[in-house]
Amino acid sequence: MTSTMRDAVYRMYLDFLETAEHKRHWSIFNDIPWDKLDGSKTTESVGHCVELFCTEELYVPDYSSAGLDLSRSVFGMAWFQTRWAFEESRHGLVFREYLTRSGLRSPAELEALDAGTFSRRWKLPFQTTRQMACYGALQESATYTAYNRQRNLARVADDQVLEAIFFLVGRDEAAHAGFYRAMVQLDLAENRAATIADLAYVLSNFKMPGEGLIPDYTQRLHSSGAGISPRLFLERVVRPLLNTLEISREEIKLALKHAAADAPLSNPAADPWQPVEGHPLPADSSTPVIGRR
Ligand SMILES: [Fe+2]
Ligand SMILES: [Fe+2]
């Protein structure tokens, strides 16, 4: 990474931190109306949904240790990772507090949840900072979309506690998506073709962190209503990202074509716009795909 880019990342992080401290700070203890917890609204289906989000947020030790290891040589990125880890830890904690304070989960059930969670380890899905920036831009935006959907459902149900939680957590996720998006913009300015190739590769291999990690993840996303559909992922996550980055769908398809020509057997899910079994992007499927962070 050039010194100019390192300097740009550092300044980006300072901006991120200043906004986080001045405009986005919130407290689990002071900013959630816990006194408004209403037993008639804390249904078991809500419990399943929040438990799934909670489980995926609880992998912060793995997310942050792997992320720090990858980014440690770039000051702005490494320090972003530390602040990010703090905010993600707050997400897992607020969901956890909701489950216990509402009585939806007992201390023993949460102990079992912790034990199950930490018996498995999350691993980096991609191996370079540029690919992980592409992944972060997609994944954080997908998570914001899922939480924003839950916030709207909570508002309709007049559940003030969950509405506040999903608003505050979702706002963090949107800010994380913004940082990663800005990182990708820097990468594009430095090497447009290579960055588009990476984004295409990440898109065609995208999956949420819980997939393959949390037991029955996809089925639980579906049954709890925690996920978002592939169509929503395409419309609210992929297309807005490509528009902001000023990358056309044709450029992504061309990058995938080149990758397939270079290594025909290494990239089986080549076109993210084509329905592929088990893949998150087929536009007409109603299978939920995401649920976290
Ligand atoms: Fe996040
Ligand atoms: Fe999160």
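Just so you know, ligand 1 is whichever comes first in the structure, and atom 1 is the first atom listed for that ligand.
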So which of F179, F75, Y10 actually passes ring-ring contact (aromatic ring centres under 6.0 Å, His included) with F80?
->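 Of F179, F75, Y10, ring-ring contact (aromatic ring centres under 6.0 Å, His included) with F80 is met by F179 alone.
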
If you have a sec, read the angle at the Fe ion (ligand 2) from H91 atom ND1 over to E57 atom OE1, to 10 degrees.
-> 100°

Verify the distance test for D172 against the Fe ion (ligand 1): any N/O/S atom under 2.8 Å, yes or no.
-> no

Return the name of the atom in E88, of element N, O or S, nearest to the Fe ion (ligand 1).
->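 The atom in question is OE2.
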
Taking just the N, O or S atoms of E173, which one is nearest to the Fe ion (ligand 1)?
-> OE1

Angular separation of E140 OE2 and H176 ND1 about the Fe ion (ligand 1), given to 10° |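 The two atoms form an angle at the metal of about 90°.
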
Of all heavy-atom pairs between L245 and R181, which one has the smallest distance, and what is that distance?
-> CD2-O, 4.0 Å

Within 45° of the six-membered ring axis of F166 and under 6.0 Å from that ring's centre, is NZ or CZ of R149 located there?
-> no

Side chains of N205 and F126: closer than 4.5 Å at any heavy-atom pair?
-> yes

Decide yes or no on ring-ring contact (aromatic ring centres under 6.0 Å, His included) for F53 and Y98, but give the supporting numbers first.
-> CA-CA 12 Å; F53 288 137; Y98 177 82; over 10 Å; no

